[in-house]
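Below, read A as the first sequence line, B as the second, and so on, with proteins coming before strands; counting in each chain starts at 1. Quantities reported herein were computed from a predicted structural model and do not represent experimental measurements.
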Number of protein chains: 2
Amino acid sequence: MKKVPRISESEWMVMRVLWERSPLTANEVVERLSSKARWKPKTVKTLIDRLVKKGAVKFEKEGRRHKYYPAIGRDECIATERQSFLRRVYGGITKPMLAAFLEDAELSADDIAELKEILEQKAEE
Amino acid sequence: MKKVPRISESEWMVMRVLWERSPLTANEVVERLSSKARWKPKTVKTLIDRLVKKGAVKFEKEGRRHKYYPAIGRDECIATERQSFLRRVYGGITKPMLAAFLEDAELSADDIAELKEILEQKAEE
DNA sequence: GACGTTGGATTACATGTGTAATATTTTATG
DNA sequence: CATAAAATATTACACATGTAATCCAACGTC
């Protein structure tokens with residue numbers, strides 16, 4: 001289990017686009033972020049560079065352009081963030097916290113069914 | 001709805017002890033944190049000062065000592081963190097994210113029943 | 001009342017983050 | 001080939017954060 005680096009709020013936006021589709025050139029990343037954030041291209045470039053330095057993103061040279069792609073898994077990063085969040089705020093996963101999440105969520109009927117399924121499984125343990 | 005300030009990871013530890021019991025003197029906070037973190041007293045004092053500056057903590061003078069207490073609610077702060085986390089990581093609350101939480105959780109039968117209750121309520125909407 | 005002790009106030013300093021601008025290198029074009 | 005265009009690399013700079021140390025003021029003690 002390799003350790004995932006710490007990824008800042010802004011960097012997460014970059015990671016999200018790369019996880020969605022990659023490899024991408026810097027400009028493509030800028031393009032895909034333009035709807036989500038109003039950063040100057042240079043700012044996005046800085047974020048990409050920092051992610052490369054942290055080992056979260058790698059690239060291959062294709063001609064003079066670099067094609068960037070994630071070097072770490074989305075699920076791993078999410079798990080790390082989730083745990084950090086829970087430790088910080090609740091000191092662990094708690095029922096009130098889950099209740100709050102569920103209340104806030106927008107869920108389809110299928111989603112609800114699936115989550116109930118999980119709960120039923122747990123009830124049997 | 002007043003806006004809660006941003007609270008850093010270390011600051012959260014301080015807030016947690018103050019939410020648990022307050023008011024406390026700086027030294028009492030240091031004392032209560034000593035099992036959780038190995039910070040020098042001055043470090044804890046700095047964290048408290050920053051929280052005061054942010055408006056997250058207030059104090060009253062009792063003789064020459066200050067008695068500190070939270071100025072913002074735990075639940076509000078948690079809600080803010082939760083939303084920040086979700087926006088960052090998932091771009092909002094999603095079913096897969098909820099599923100991951102539920103899978104990880106340690107829940108009693110009552111907890112499970114209550115959560116199912118919430119889901120059923122949502123199914124009716 | 002001088003003095004040490006004990007808290008609070010001020011200052012420190014490296015690293016991270018948000019947000020870019022400038023400089024340099026590579027490439028396409030005339 | 002010279003030069004403009006484009007991409008990458010380097011530099012910038014203020015504020016946040018982790019982690020304290022030092023300075024100063026009030027209080028109790030002799």
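The interatomic distance linking A/Ile48 (CD1) with C/dT19 (P) rounds to 16 Å, in whole Å. If you measure from atom NE2 of B/His66 to atom C1' of D/dA25, you get 11 Å, rounded to the nearest angstrom. Atom CZ of A/Arg65 is separated from atom C1' of D/dA6 by 8 Å (rounded to the nearest Å). Per the geometry, NZ belonging to B/Lys53 stands 13 Å off C1' belonging to D/dC15, to the nearest Å. Atom P of nucleotide D/dT17 and atom CG of B/Asp49 are separated by 15 Å, given to the nearest angstrom. Between the NZ atom of B/Lys40 and the C1' atom of C/dA12 there is a distance of 15 Å, given to the nearest Å. B/Lys45 has its NZ atom 14 Å from the C1' atom of D/dC23, to the nearest Å. Taking atom CG on B/Leu47 and atom C1' on D/dT17, their separation rounds to 9 Å, with Å as the unit.
DNA chain C is contacted by B/Arg64 of residues 54-64 of chain B, taking any non-hydrogen atom closer than 4.0 Å. Within residues 20-36 of chain A, no residue has a heavy atom under 4.0 Å from DNA chain C.
Residue-to-nucleotide contacts include a donor-acceptor pair under 3.5 Å from the side chain of A/Arg50 to the base of C/dT19. For D/dA20, its base sits under 3.5 Å from the side chain of B/Thr46 at one donor and acceptor pair at least.
Of the candidate nucleotides D/dA20, D/dA9, C/dT19, D/dA9 has the atom lying nearest to any side-chain atom of A/Lys42. Of all nucleotides listed (D/dA20, D/dT8, C/dG8), D/dA20 comes nearest to the side chain of B/Trp39. When distances run from any side-chain atom of A/Ser10 to the nucleotides D/dA9, C/dA20, C/dG18, the shortest one goes to C/dG18.
Ring pair A/Phe101/A/Phe85 is perpendicular by interplanar angle, where above 60° counts as perpendicular and below 30° as parallel.
Side-chain nitrogen and oxygen atoms of B/Thr43 include none within less than 4.0 Å of the OP1 or OP2 phosphate oxygen of D/dG18.
A heavy-atom distance below 4.5 Å is not found between the side chains of B/Leu47 and B/Val29. A 4.5 Å side-chain heavy-atom check between B/Arg16 and B/Glu20 finds every atom pair outside the cut-off. In this structure, B/Met15 and B/Val57 have side chains that are in contact, with non-hydrogen atoms separated by less than 4.5 Å.
The two residues B/Ile118 and A/Glu103 make their nearest non-hydrogen contact at CD1-OE2, 4.0 Å.
With hydrogens and angles left out, the side-chain atoms of A/Ser108 and A/Asp111 include a donor and acceptor closer than 3.5 Å.
A donor-acceptor pair under 3.5 Å is absent between the side-chain atoms of A/Lys95 and the main chain of B/Leu107, judged by distance alone. A donor-acceptor contact shorter than 3.5 Å links the side chain of B/Thr80 to the backbone of B/Glu76.
Taking 4.0 Å as the cut-off between side-chain N and carboxylate O, B/Glu9 and A/Arg88 count as a salt-bridged pair.
If you find the closest nucleotide of DNA chain C to A/Arg38 and to A/Arg6, the one lying nearer the 5' end belongs to A/Arg6.
Taking the salt bridge (Lys or Arg N to Asp or Glu O under 4.0 Å) definition, one finds that B/Glu120 meets it with A/Lys116, sequence neighbours left out.
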